[in-house]
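The block underneath contains the structure these notes are about, expressed in structure tokens.
We name chains A, B, ... by the order of the sequence lines, and we start the count at 1 in each one.
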Amino acid sequence: MSKVITPRDTDYSQWYNDIILKAGLADYSAVRGCMVIKPYGFALWEHMRDQLDRMFKETGHQNAYFPLFIPKSFLSKEAAHVEGFAKECAVVTHYRLKNDPEGTGIIVDPEAKLEEELIVRPTSETIIWNTYKTWIQSYRDLPVKVNQWCNVVRWEMRTRLFLRTTEFLWQEGHTAHATSEEAIDETVQMLNVYAQFAEEWMALPVVKGVKSANERFAGAVDTYCIEAMMQDGKALQAGTSHFLGQNFAKAFEVQFADKQNKLDYVWATSWGVSTRLLGALVMAHSDDDGLVLPPKLAPIQVVIIPIFREASQKKIIDEKVKEFCADFKAREIRVVYDEDDSNRPGWKFAEYELKGVPVRIAVGARDLENSSVEVARRDTKEKMSVSVEGLADTIALLLSHIQENIYQKAMAYRDSHITRADTWEEFVDILETKGGFVSAHWDGTSETEDQIKELTKATIRCIPLNNPVEEGKCILTGKKSTERVLFARAY
RNA sequence: CGGGGCGUAGCGUAGCCCGGUUAUCGCGCCUGCUUUGGGAGCAGGAGGCCGCAAGUUCGAAUCUUGCCGCCCCGACCA
């Protein structure tokens with residue numbers, strides 16, 4: 001037993017870290033707050049990225065790339081925006097190093113001070129809107145629908161692998177439209193893309209909703225979000241889509257002439273998901289034996305492990321497995337045949353479970369005599385003997401069952417962790433004992449939300465879309481309310 | 001930035017109070033043989049500036065002071 005994972009019950013944070021480190025998704029780095037994403041973790045990210053990218057293209061977006069550095073003056077053009085990010089920006093002040101005349105080290109050359117300091121992008125609205133100004137003159141130039149995949153830096157006080165690191169990878173879409181309606185449609189469309197991706201690919205059920213003013217993106221008119229529920233009962237914001245109104249157009253003077261040759265400011269959106277999704281994926285499905293990955297995103301969907309005593313048996317197994325692999329690949333099933341002899345089968349079983357590989361196939365001489373193989377699924381730990389006839393079909397079907405099963409499991413957990421509270425005592429009790437989302441009435445004010453946060457550490461995660469109208473009284477103040485909102489403690 | 005831990009081989013650790021030959025053990029690594037259906041066994045072997053720097057001492061992993069780094073918990077945030 002070389003790799004032991006701390007059980008969830010013992011220490012949830014440690015369990016989470018153990019999974020990431022021991023499954024080989026990431027490592028800590030020499031830079032505080034920054035992580036190294038290892039090949040296995042990056043392969044997972046690539047699958048997510050590729051699918052999202054396809055979905056963005058299908059909805060009419062194009063990729064582009066904007067600079068890492070943003071002139072300091074840009075950031076301050078939109079008042080709410082600068083206030084939201086000012087506290088966590090890395091600033092470039094110099095452009096040259098030199099040998100320290102006092103010693104052996106290297107120092108910042110004081111003579112190489114930048115005239116205007118550069119901010120390492122925490123998000124790119126400002127540099128992009130400064131650029132859009134030159135792209136947009138007429139309604140014929142609209143809409144502009146651009147996305148970029150990049151890294152951003154937010155100097156957080158406290159970091160957590162994948163969930164919050166100083167530097168992280170993400171995509172940010174930035175669109176410009178002629179009308180408010182069209183921009184809102186775009187905002188909602190991208191929210192739906194995210195929700196569909198989370199549910200169909202990550203097997204992660206999410207609640208779609210709108211943020212309260214407190215939780216809104218700095219500079220947005222409305223922030224839409226998808227909220228997911230983790231196994232410890234804490235909520236995680238998995239993606240956001242913002243309707244920016246004309247805020248950035250006004251700040252950067254982006255106007256267009258409409259058909260009547262009247263000038264108006266353009267309407268904007270921005271939307272993003274990040275490597276944080278990897279954290280969500282880990283916390284949503286994994287167990288005390290390691291990662292559990294949804295087949296659609298798993299870098300390895302099927303691992304085949306040979307079991308043999310003699311070289312002659314191995315040869316027979318090799319030939320058969322070669323056929324299996326060809327069949328699997330023809331169906332675009334990502335398969336690995338692990339014939340490395342330096343580890344024994346038992347070791348491999350444990351290792352691939354730790355890495356969350358959805359399906360394991362053990363092939364021994366005994367199996368082949370019966371024209372069968374042993375198939376084990378990661379999600380249920382179930383083992384079964386399966387005929388080699390039509391194996392690729394069987395496995396393809398099994399993979400889709402696994403995808404569905406882990407989604408249903410996460411959904412059942414999530415649904416059982418949305419609890420209604422009608423009194424303050426109930427509200428506090430649910431947060432303390434059960435966790436999850438608490439559905440409760442709220443008087444709609446920031447002051448009340450702040451006070452609830454102060455008292456319980458819970459925040460409003462979202463006001464769900466298509467929320468039913470219901471007469472009620474605010475959980476804290478008793479004032480009139482017309483709908484319930486979802487509260488939770490969150491990451 | 002507050003509170004709590006921890007820095008000894010690639011990883012996890014013992015030793016530290018009470019200074020004293022060659023720094024402990026496990027995993028991993030290398031060689032060989034035996035093994036292979038749930039993290040193999042035996043034998044041999046390599047690997048250390050005990051986080052860094054000063055100090056005390058005949059002598060420091062151990063005592064003193066300073067510094068550095070990381071993790072966990074909180075405030076801030078995706």
Looking only at atom [atom1], what distance separates [N] and [M], rounded to whole Å?
N: B:A53; M: B:A60; atom1: P; answer: 14 Å
N: B:C11; M: B:C58; atom1: C1'; answer: 38 Å
N: B:A23; M: B:A14; atom1: C1'; answer: 10 Å
N: B:U21; M: B:G37; atom1: P; answer: 46 Å
N: B:C70; M: B:U31; atom1: C1'; answer: 37 Å

Looking at every strand, decide which applies to [X] at a 4.0 Å heavy-atom threshold: base, sugar-phosphate, or nothing.
X: A:Q14; value: nothing
X: A:I305; value: nothing
X: A:D11; value: nothing
X: A:R32; value: sugar-phosphate
X: A:K314; value: nothing
X: A:D367; value: base

For a side-chain hydrogen bond (donor to acceptor under 3.5 Å, both in side chains) check, start with the C-alpha distance between A:S342 and A:D340, then their side-chain angles and the critical distance, and finish with the verdict. CA-CA 6 Å; A:S342 56; A:D340 180 355; 2.6 Å; yes
With no hydrogens and no angle check, just 3.5 Å: does a side-chain donor-acceptor pair link A:E186 and A:Q189?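 Yes - a donor-acceptor pair under 3.5 Å links their side chains.
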Testing B:G37, B:U36, B:C71 for proximity to the side chain of A:A362, the answer is B:G37
Rounded interatomic separation in angstrom, taking [atom1] from [X] and [atom2] from [N]:
X: A:I20; N: B:C71; atom1: CD1; atom2: C1'; value: 14 Å
X: A:R360; N: B:G37; atom1: CZ; atom2: P; value: 12 Å
X: A:L161; N: B:C72; atom1: CG; atom2: C1'; value: 12 Å
X: A:F308; N: B:U35; atom1: CZ; atom2: P; value: 13 Å
X: A:R344; N: B:U35; atom1: CZ; atom2: P; value: 11 Å
X: A:D18; N: B:C72; atom1: CG; atom2: P; value: 11 Å
X: A:R160; N: B:C71; atom1: CZ; atom2: P; value: 12 Å
X: A:K348; N: B:U36; atom1: NZ; atom2: P; value: 14 Å

Heavy-atom count around A:W155 CH2 within 6.0 Å, excluding the residue itself: above 12? no
Set out, in order, the CA-CA distance, both residues' side-chain angles and the distance that settles side-chain contact (heavy atoms from CB on, under 4.5 Å) for A:L169 and A:F42, then state yes or no. CA-CA 11 Å; A:L169 305 182; A:F42 203 82; 3.7 Å; yes
What nitrogen or oxygen pairs link the protein and nucleotides 74-77 of chain B at under 3.5 Å?
| unit_1 | atom_1 | unit_2 | atom_2 | d |
| --- | --- | --- | --- | --- |
| B:G74 | OP2 | A:R158 | NH1 | 3.4 |
| B:C77 | O2' | A:E156 | OE2 | 3.1 |
| B:C77 | O2 | A:R164 | NE | 2.1 |
| B:C77 | O2 | A:R164 | NH2 | 2.7 |
| B:C77 | N3 | A:R164 | NE | 3.3 |
| B:C77 | N3 | A:R164 | NH2 | 2.6 |

So, applying side chain to side chain donor-acceptor pair (under 3.5 Å) with A:N147, which one of A:Q171, A:E172, A:H61 is it? A:Q171
B:G38 base / A:K383 side chain donor-acceptor hit below 3.5 Å: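 By the distance-only test, yes, there is a pair.
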Scan nucleotides 6-11 of chain B against the protein and return all N/O pairs shorter than 3.5 Å with their distances rounded to 0.1 Å.
none

Those residues of residues 165-173 of chain A lying under 4.0 Å from RNA chain B by at least one heavy atom: A:T165, A:F168
What donor-acceptor contacts under 3.5 angstrom involve side-chain atoms of residues 286-297 of chain A, with partners at least two apart or in another chain?
| unit_1 | atom_1 | unit_2 | atom_2 | d |
| --- | --- | --- | --- | --- |
| A:S286 | OG | A:V282 | O | 3.0 |
| A:S286 | OG | A:V292 | N | 3.2 |
| A:D287 | OD1 | A:D289 | N | 2.8 |
| A:D287 | OD1 | A:G290 | N | 3.3 |
| A:D287 | OD1 | A:R378 | NH2 | 2.7 |
| A:D287 | OD2 | A:R378 | NH1 | 3.0 |
| A:D288 | OD1 | A:R8 | N | 3.0 |
| A:D288 | OD1 | A:R8 | NE | 2.9 |
| A:D289 | OD2 | A:K381 | NZ | 2.3 |
| A:K296 | NZ | A:E200 | O | 3.4 |

Applying side chain to side chain donor-acceptor pair (under 3.5 Å), which residue pairs with at least one partner in residues 29-45 of chain A are found, sequence neighbours left out? none
Quick check: A:F487 with A:F427 (ring centres under 6.0 Å apart)? yes
Please map the stems of RNA chain B, keeping only stretches of three or more Watson-Crick or G-U wobble pairs with both distances under 3.5 angstrom.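 The stems that RNA chain B takes part in, listed by first number, are B:1-7 with B:68-74, B:10-12 with B:25-27, B:29-34 with B:40-45, B:51-55 with B:63-67.
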